[in-house]
Amino acid sequence: MFRAPVWRAVAALAVIAISLAFALTTAPRLGLDLRGGTQLVFEAKDSPTVKADAAATDRALDVLRQRADALGVVDPTLVRSGKKRIIVELPGVLDPRQAAEVIGRTAQLAFHPVLGAGDSSGVRDENGEPLRLGPAAITGDGVSDAVEQSDPQRGPGWWVRIDFRDAGAWQRLTGAAACEPQGDPKRRIAIVLDQEIISSPPLDPSIPCRTGIPGGGADITGSFTHEEARDLAVLIKGGALPVPLTLVEQRTVGPTLGAAAIEASARAAVAGLALTAVFIVAVYRVSGLLAAVALACYGLISYAALVAMGATFTLPGLAGFVLAIGMAIDANVLVFERAREEHGSRRGLGRALDLGFKNAWSAIADSNVTTLIAAGLLFWLASGPVKGFGVTLAIGVLASLVSAMVITRVLVHSVIGRIGPRASGLASQGAMRSWLARRNPRLMAARRLWLAVAFGLAVMAVAGLLVRGLNVGVEFTGGRLVEFATSKPVPADVAGQAVARAGFPSAVVQSTDDGVAVRAASLGLDEVARIEQALAPHGGEVSKTREEFIGPSLGEELRRNALVALGVAVAMQLLYLAIRFRWTFGAAAVLALLVDVAVVVGLFAWLGKPIDGIFVAAMLTIVGYSVNDKVVVFDRVRELWTSRRGFAAAVDGAIVQTLPRTVNTGLGALFILVALMVFGGDSLRDFSIALVAGIVTGTLSSAFVAGPAAVVLARFDRRPPAPPAGRTAPRDRTGSGAVV
């Protein structure tokens, strides 16, 4: 009896100490949406000679890494995703045109002899004059180094110094050209990049015929700026990519927007944690105060686990971190409510608390498994920052188990014998439980009415889809979304006219008090600059704060993955519940879950809110939360259902007994979500609206959809109720009982 609490306390102290050490010594890794920069996603395509497999993509990744390093980007991140995709993160690079042009150019480099002036169909040089070129004498693989240089003694300007691997090839090429007379185009060497002449310098008169330029080096001169010379050197030195790359996704976020997101998330976390702490202390008194301390430890453990794993903090990830604070009180509420029930059975406070932890474990484990399923699907099928939400949510679930089942238990056990039952907060049944006990409502008597109301809500949601349609974001449709900050408000009609004059009359334009958002399918980088100029006369100082590009193939893939994620989530929840309980319980829970999802999607259709990756993250969270709630109810049904007590009566009793837990848990999450809604900005505000609607609907559907549906479906499952938990049939004794 003594060792378990001691070792539990030692384990809690060890976890807190290790977490504190990681939190103080390891800096968090911020995603580009928090620190500003550009993310590019390239997809490798097959070339006539090379198949775009994992090996070819790895070789292309090496070339891109050389280019990113040569650009001087601080702490660039380049990783291969799957077999054919490369994710490039460039912190501080806010010009996507420059990033995509330099990093992602195919860069098929070659040095050609000039055979003479060409006709109108010939390749044009840097001055626009057509030239006729001979076969390539040196390819990009023959270049060993290229660097931009300047020298005040040679005059102003920059040039590019090139060194060749085969000095003889360069000397033969220049020696042949040096034999041509001055002014003849044949005396030039054409440097061709991606079938475009980037430079065609004539040879100096001092170079002798047939001798050429010895030493295997040369300078490309011209009216280069420093940036132009550097970019040219990067492309030449990087060499040719083994396979062509296509830009399929691009996101750019300004640093001020990222700093504002961090500040907003921090305010939401502090406000949500404070509201949750006040609420749980008001309901459970000293036990609630100790649970609030454990919640603070939970935040520390979650943060330390994320930084120790090297996880990247993204804006959705911060939302998941804040949301998990509210969900972390679920286990505490389950334990405390169960302890109240046990104490009501005239057990001592310490014994009631022990039984509360023991009997609540089944529901806690089941409900957390459902949330982990949703988090795993997010990490598996989502892309970009939404993966961070899945990671954060999973870490939060595991940390909440440690917080509730270890830290809270140690703290409460350490003081429970020193305070009175009233101060503990566990002796009284609570106002809600007492009111329900007096009224003893028979909800299942009107089960057909509740199912009819649920059907009506689903019909209204479908009507929203048919009448208003879904405002599907650029993430699923493909195209480009650009957000501009303006120093003065621009009315929506004025912004729309300005964008139309810039050449995009069909673009979707949204205006707020401090900015304009433009979305269009065929919006290029040059057109973005043109729109910015068109908005300047109306918006004063205009600056681009966020840009997002999704290629059509990637948009289709993300849309397909979102549907697969939701479908797999529902199927896995049904399978898990069927294994853990009965198939009728699983079917009833999934039916209620479909009503929850339909109501939230219909609400977003009626409100015209965007459907994007953040919304999918919210929906999967709703799936986990909703099934979590049903698991708690059905776990209690399994306890109450006996052959002497009918199934409908067991469902009524389970709903009444678990309602205080459901309401308290829901309020804890709602405090966090309201804080996110107030402080979190536009994207997190929509995320919060979806979750608020999902939590309210999920709480109600447990009692008014899942319960009635389980009663209706019970006629198809004739198996008798399981024996009460903790009771086993007596064993038959055989033999004499003698010890031999």
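Not measured: the values here are computed from a predicted model.
- Although no hydrogens or angles enter the test, the distance criterion places no donor-acceptor pair under 3.5 Å between the side chain of Asp46 and the main chain of Lys51.
- Contact check for Ser81 versus Val41: no side-chain heavy atoms found under the 4.5 Å cut-off.
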Using the side-chain contact (heavy atoms from CB on, under 4.5 Å) rule, take Phe615 and Asp686 through it: C-alpha gap first, then chi angles, then the decisive distance, then the call.
CA-CA 8 Å; Phe615 176 79; Asp686 292 341; over 6 Å; no
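- Not counting sequence neighbours, Asp166 has no partner by the salt bridge (charged side-chain N to carboxylate O under 4.0 Å, His left out) test.
- By the ring-ring contact (aromatic ring centres under 6.0 Å, His included) test, Phe484 pairs with no residue at all, sequence neighbours left out.
- Inter-residue side-chain proximity for Val248 and Phe42 is flagged as unmet; no heavy-atom pair is nearer than 4.5 Å.
- Side-chain contact between Thr57 and Ile86: present, with at least one pair of heavy atoms (C-beta onward) separated by less than 4.5 Å.
- In terms of modelled atom types and a separation under 3.5 Å, the side chain of Gln171 and the main chain of Thr211 share a donor-acceptor contact.
- In this structure, Pro185 and Leu131 approach most closely via the heavy-atom pair CB-CD2, 4.3 Å.
- In this view, Ala618 and Phe687, Ala690, Leu691 satisfy the side chain to side chain contact (heavy atoms under 4.5 Å, CB included) rule, not counting sequence neighbours.
- Scored by the salt bridge (charged side-chain N to carboxylate O under 4.0 Å, His left out) test, Arg80 finds Asp58 as partners (sequence neighbours excluded).
- Between the CD atom of Glu89 and the CD atom of Gln39 there is a distance of 5.0 Å, given to the nearest 0.5 Å.
- A salt bridge between Glu532 and Arg530 is absent, with no side-chain N of the basic residue lying under 4.0 Å from a carboxylate O of the acidic one.
- In terms of heavy atoms, Ala167 sits closest to Gly215 at CB-C, 4.2 Å.
- In this structure the side chain of Val160 never reaches within 4.5 angstrom of the side chain of Gln149, judged on heavy atoms.
- Partners of Lys186 by side chain to side chain contact (heavy atoms under 4.5 Å, CB included), not counting sequence neighbours, listed by chain and number: Glu180, Asp184.
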Could you walk me through whether Thr392 and Leu306 pass side-chain contact (heavy atoms from CB on, under 4.5 Å), step by step?
CA-CA 7 Å; Thr392 307; Leu306 290 170; 4.2 Å; yes
What verdict does the side-chain contact (heavy atoms from CB on, under 4.5 Å) test give for Leu133 and Leu115, after you've listed the backbone C-alpha separation in whole Å, the side-chain angles of each residue and the deciding distance to 0.1 Å?
CA-CA 5 Å; Leu133 305 182; Leu115 303 182; 5.9 Å; no
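- Smallest separation of non-hydrogen atoms from Leu245 and Ala44: CD2-CA, 3.7 Å.
- A distance-only check finds no donor-acceptor pair linking the side chain of Thr486 to the backbone of Val516 [under 3.5 Å].
- Take Arg519 and apply the side chain to side chain contact (heavy atoms under 4.5 Å, CB included) test, not counting sequence neighbours, and it matches Asn471, Val474, Leu481, Val508.
- For the pair Ile213/Ile207, a side-chain contact is recorded, criterion being any heavy-atom separation below 4.5 Å from C-beta on.
- A salt bridge does not link Arg230 with Glu148: none of the charged nitrogens is closer than 4.0 Å to a carboxylate oxygen.
- Scanning for side chain to side chain contact (heavy atoms under 4.5 Å, CB included) contacts around Ser150 gives Trp158, with sequence neighbours left out.
- A donor-acceptor pair under 3.5 Å is formed between the side chain of Arg187 and the backbone N or O of Asp204.
- Residues forming a ring-ring contact (aromatic ring centres under 6.0 Å, His included) with Phe164 (at least two apart in sequence, or on another chain): Phe111, Trp170.
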Would you mind writing out the side-chain donor-acceptor pairs for residues 489-501 within the sub-3.5 Å range, not counting sequence neighbours?
residue, atom, partner, partner atom, Å
Arg501, NH2, His538, NE2, 3.2

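- Annotation: side chain of Arg85 is not in contact with side chain of Glu249 (no heavy-atom distance under 4.5 Å).
- Contacts of Asp151 classified as side-chain hydrogen bond (donor to acceptor under 3.5 Å, both in side chains), with partners at least two apart in sequence or in another chain: none.
- In this structure, Asp163 and Arg161 have side chains that are in contact, with non-hydrogen atoms separated by less than 4.5 Å.
- Residues Ile191 and Ile197 fail the side-chain proximity criterion, which asks for heavy atoms closer than 4.5 Å.
- Remark: Arg188 engages Asp125 in a salt bridge (charged side-chain N to carboxylate O under 4.0 Å, His left out) (not counting sequence neighbours).
- Residues that satisfy the side-chain hydrogen bond (donor to acceptor under 3.5 Å, both in side chains) test with His112, not counting sequence neighbours, are absent from this structure.
- Residue-environment remark: CD (Glu541) stays at or below the threshold of 12 foreign heavy atoms within 6.0 Å.
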